[in-house]
Amino acid sequence: SQTIHQWPATLVQPVGSPLSLECTVEGTSNPNLYWYRQAAGRGLQLLFYSVGIGQISSEVPQNLSASRPQDRQFILSSKKLLLSDSGFYLCAWSREAAQYFGPGTRLLVL
Amino acid sequence: AQSVAQPEDQVNVAEGNPLTVKCTYSVSGNPYLFWYVQYPNRGLQFLLKYITGDNLVKGSYGFEAEFNKSQTSFHLKKPSALVSDSALYFCAVRDLSNAGNMLTFGGGTRLMVKP
């Protein structure tokens, strides 16, 4: 069966510091991968998606970036965090119709 | 373009009563429709999906949803609510023409089941 992992689970970072969040998927190959941000426990905002290694599409211009160095690894990064980057970050994978989500990373920027 | 509306921010039901969480959608072609549930500080869990076939779809934890093409709705239902069903519920839609399998999510409905 397929599983998706995210780490860290929680992160507290100062404004201006760099960020790296990691997502890995097991039990499948060549999945589509997605990064979402959820603010205030409500709606989901799609940030990036990837249909293959090195292929990244950005949905919202901002100071975040994403990379896919391996088939089942998706990384969300920032060179300098802003206060507004605080939120709950969710990674998801899909191979057919549905998307399946990881446990999420809670990021607090102070 | 595809869109989803969940008209209720919150739904309150008593334990043991039936529950309905509403969802309407808009797509240019035939839709794929989904329901997810989110517990506090957790990721979204897949509940059920409609792709084609029977309009009544059964999913996890006793939930079901009814696809109504004429009303462009996909309401989530459960015959008898449990306190443990209290969570945030998201409806999502994908247009079949969407090559990236991108889902559009509704804003979420908080379900509160009281004992």
Side-chain angles (χ1 to χ4, degrees), chain A residues 1-11 21 23-25 28 30-52 55-60 66 68 74 87-108, chain B residues 1-10 23 27 29-53 57 59-60 65 67 74 86-112:
Chain A
S1 64
Q2 298 85 12
T3 56
I4 179 169
H5 305 278
Q6 286 186 247
W7 63 88
T10 60
L11 191 60
L21 303 182
C23 170
T24 58
V25 181
T28 187
N30 197 30
N32 288 352
L33 296 172
Y34 310 83
W35 276 113
Y36 290 87
R37 177 167 58 202
Q38 184 180 31
R42 276 293 183 174
L44 295 168
Q45 179 186 35
L46 178 64
L47 301 175
F48 301 94
Y49 71 95
S50 171
V51 299
Q55 300 177 63
I56 308 295
S57 296
S58 174
E59 289 296 299
V60 182
R68 185 170 177 175
F74 204 23
F88 193 46
Y89 289 82
L90 292 161
C91 181
W93 72 275
S94 74
R95 194 154 179 230
E96 294 177 349
Q99 290 184 14
Y100 302 93
F101 287 79
T105 295
R106 174 81 54 195
L107 172 66
L108 179 60
Chain B
Q2 51 196 45
S3 65
V4 177
Q6 293 181 243
E8 303 152 315
D9 280 346
Q10 182 162 316
C23 171
V27 297
N30 292 319
Y32 286 175
L33 293 156
F34 307 86
W35 276 102
Y36 291 84
V37 60
Q38 185 181 31
Y39 297 98
N41 296 310
R42 307 287 286 275
L44 276 67
Q45 294 180 34
F46 171 78
L47 278 179
L48 50 82
K49 67 182 178 185
Y50 171 82
I51 304 298
T52 187
V57 179
S60 307
F67 172 62
F74 189 57
S86 299
L88 188 57
Y89 290 80
F90 290 96
C91 181
V93 67
R94 175 197 161 190
D95 191 317
L96 290 185
S97 64
N98 183 328
N101 195 21
M102 310 262 275
L103 299 185
T104 297
F105 287 85
T109 297
R110 191 166 302 281
L111 174 66
M112 299 290 291

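Computed over heavy atoms, backbone and side chain alike; hydrogens, waters and symmetry mates excluded. Because the structure is predicted, anything quoted here is derived from the model rather than measured. Order of the sequence lines sets the chain letters (A, B, ...), proteins ahead of strands, with each chain counted from 1.
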Tightest non-hydrogen contact, residues Gln99(A) and Tyr36(B), listed as O-OH, 2.6 Å
What's the spacing between Phe105(B) CZ and Gln38(A) CD if we round to 0.5 Å?
10.0 Å
To check you understand the geometry: which heavy-atom pair defines the closest contact between Ala98(A) and Phe46(B), and what is its length?
CB-CE1, 3.8 Å
Taking the side chain as every heavy atom from C-beta outward, state whether Asp9(B) and Arg42(A) have any pair of such atoms under 4.5 Å apart.
yes
Which atoms of Ile4(A) approach chain B - backbone, side chain, both or neither, heavy atom under 4.5 Å:
neither
Scanning both residues in full, the closest heavy-atom pair of Ala97(A) with Ile51(B) reads CB-CD1, 3.7 Å
Non-hydrogen side-chain atoms of Leu103(B) and Leu44(A) separated by less than 4.5 Å:
no
Counting heavy-atom pairs under 4.5 angstrom with chain A, the leader among Ala92(B), Gly106(B), Gly108(B), Gly43(B) is Gly43(B)
Straight-line distance of Phe101(A) CZ to Arg42(B) CZ, nearest 0.5 Å
15.0 Å
